[in-house]
Amino acid sequence: MIGIIDYSLGNIQNIKNALEKLGYEYILSSKYENLAECEAILLPGVGHFGNAMETITRLGIREDLLKLAETKRFIGICLGMQLLFEESEEGNAQGLGLLAGRIARMETPHPVPHLGWNTLESTSPALDGKDVYFVHSFMATETDSTIATAEYGVTVPAVVKKGNIIGIQFHPEKSGDIGVEILKQAIEGDI
């Protein structure tokens, strides 16, 4: 069973579609007791970092998320990846602090947001050379957990990992069969 954190800021239907394509059962919940039985937890996200953390605080689930991340494969997607870090200049907000580093606005000569397909670079064959779909204006900085990058006038940490915690900046659920396979590898602990 895969747990999807329900805090009203995720691309939930596309995530559900990807999980169904992979044959996973899932539950959508913000309750610890429902999520504690899951083998992996997905924290999707679309929107503003500060608003997302305010919602997590208002729902009273911050401590539950931290507790789940101690023992489960915990996968943040897009904004969900950014929430894994210590802080963001978007809303001058504190994150979950599961990964060292901060989130800052992209400083690139290219148009922002970084919107569209880009190629991953990684020492991992599971990730290297894969074309995936990005939509973001902010990115991780000062992080030592990067395992895949993409170039967009600046090196973008595209996948980060520390132990059982994985962050995916792009949208695997919008990246076709390759993205769905990357999501599966993250859930199975193969990246």
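Owing to the predicted nature of the structure, the values given are computational and were not obtained by experimental measurement.
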- If only atom types and distance count, is the side chain of Y7 paired as donor or acceptor with the main-chain N or O of P44 below 3.5 Å? yes
- Which atom of P109 lies closest to which atom of G153, heavy atoms considered: CD-O, 3.8 Å
- Query: Looking only at atom types and distance, does a side-chain atom of N164 sit under 3.5 Å from a main-chain N or O of A69, one as donor and one as acceptor?
  - Reply: yes
- Item | Shared hydrophobic cluster for I15 and L68 (ILVMFWY, side-chain gaps under 4.5 Å) | no
- Looking only at non-hydrogen atoms, find the nearest pair between A150 and F134 and report the distance. CB-CZ, 3.8 Å
- Exercise: identify the closest heavy-atom pair between F49 and E90: N-OE1, 3.1 Å
- Message: side chain to side chain donor-acceptor pair (under 3.5 Å) for D6 and S30? Distances and angles first, verdict last.
- Response: CA-CA 5 Å; D6 183 11; S30 61; 5.6 Å; no
- In the single-linkage hydrophobic clustering (I, L, V, M, F, W, Y; side-chain heavy atoms under 4.5 Å), do I165 and I187 co-cluster? no
- Item | Gap between atom OG1 of T143 and atom NZ of K162 - 0.5 Å precision | 9.5 Å
- Between the CD1 atom in I178 and the CG atom in L120, the distance rounded to the nearest 0.5 Å is 9.0 Å
- Message: Please determine whether a side-chain nitrogen of the Lys or Arg among R102 and E87 lies less than 4.0 Å from a carboxylate oxygen of the Asp or Glu.
- Response: yes
- Hey, does D190 have a side-chain heavy atom less than 4.5 Å from the side chain of K184? no
- Item | Contact check, side chains of M139 and I103, non-hydrogen atoms, under 4.5 Å | no
- Query: What about I75 and Y24, same hydrophobic cluster or not, with Ile/Leu/Val/Met/Phe/Trp/Tyr joined at side-chain heavy-atom distances under 4.5 Å?
  - Reply: yes
- Going from CD1 on I2 to CD1 on I27, what distance comes out if it is rounded to the nearest 0.5 angstrom? 11.5 Å
- Task: Given salt bridge (charged side-chain N to carboxylate O under 4.0 Å, His left out), test E39 with R73 step by step and report yes or no.
- Result: CA-CA 7 Å; E39 66 183 81; R73 278 186 296 285; 3.6 Å; yes
- For the pair K130 (side chain) and G179 (backbone), establish whether a donor and an acceptor sit closer than 3.5 Å, ignoring hydrogens and angles. no
- Message: For a 4.5 angstrom cut-off between non-hydrogen side-chain atoms, does T149 reach V156?
- Response: no
- Item | Value rounded to 0.5 Å, distance of CD in Q185 from CD1 in I168 | 9.5 Å
- Query: Does K16 make a cation-pi contact with Y26, if we ask for NZ or CZ under 6.0 Å from the ring centre and within 45° of the axis?
  - Reply: no
- Where do L183 and I77 land on the side chain to side chain contact (heavy atoms under 4.5 Å, CB included) test, with the steps shown first? CA-CA 10 Å; L183 180 60; I77 299 172; 4.1 Å; yes
- What closest approach, in Å, do H171 and C78 show between heavy atoms, and which atom pair accounts for it? NE2-SG, 3.3 Å
- Query: Crowded around E33 CD? As in, over 12 foreign heavy atoms under 6.0 Å?
  - Reply: yes
- Using a 4.5 Å cut-off on heavy atoms from C-beta on, say whether the side chain of L127 contacts that of I147. yes
- Salt bridge between R105 and E89, side-chain N to carboxylate O under 4.0 Å? no
- Note on the structure: Separation between OG1 (T57) and CZ (R62), nearest 0.5 Å, reads 7.0 Å
- Looking only at heavy atoms, what is the nearest atom pair of S175 and F170, with distance? OG-CD1, 4.1 Å
- Message: Any side-chain to backbone donor/acceptor pair from H48 onto N51? Under 3.5 Å, distance only.
- Response: yes
- Could you tell me whether a side-chain N or O of K72 sits under 3.5 Å from a main-chain N or O of C38, the two making a donor and an acceptor? yes
- Message: Please determine whether side chain to side chain contact (heavy atoms under 4.5 Å, CB included) holds for the pair I182 and V132, giving the CA-CA distance in whole Å, both sets of side-chain angles, and the decisive distance to 0.1 Å.
- Response: CA-CA 10 Å; I182 291 170; V132 293; 4.0 Å; yes
- Item | Residue pair M53 / L96, side-chain heavy-atom distance below 4.5 Å | yes
- Message: Any heavy-atom pair between the side chains of I166 and V159 that's under 4.5 Å?
- Response: yes
- Query: Do L19 and F74 belong together in a cluster built from hydrophobic side chains that touch within less than 4.5 Å?
  - Reply: no
- Identified side chain to side chain contact (heavy atoms under 4.5 Å, CB included) counterpart of L28 within the set L35, I12, L42: I12
- M1/E37 under side chain to side chain contact (heavy atoms under 4.5 Å, CB included): CA gap, chis, key distance, verdict: CA-CA 8 Å; M1 180 74 69; E37 302 303 317; over 6 Å; no
- Task: Please check if the side chain of S122 supplies one atom and the backbone of S124 the other of a donor-acceptor pair under 3.5 Å.
- Result: yes
- Non-hydrogen side-chain atoms of F85 and V160 separated by less than 4.5 Å: yes
- Please answer whether the main-chain N or O of P111 pairs with a side-chain N or O of Y152 as donor and acceptor at a distance below 3.5 Å. yes
- Message: Please determine whether residues I191 and V180 belong to a single hydrophobic cluster, defined as Ile, Leu, Val, Met, Phe, Trp and Tyr linked transitively by side-chain heavy-atom distances below 4.5 Å.
- Response: yes
- Item | Within-4.5 Å side-chain heavy-atom neighbours: L65 and I41 | no
- Roughly how far, to the nearest 0.5 Å, is CG of L84 from CG of L79? 9.5 Å
- Note on the structure: Of all heavy-atom pairs linking A104 and T141, the shortest is CB-CG2, 4.1 Å
- Item | Side-chain ion pair, K21 and D177, N-O less than 4.0 Å | yes
- Task: Please check if the side chain of H136 supplies one atom and the backbone of F138 the other of a donor-acceptor pair under 3.5 Å.
- Result: yes
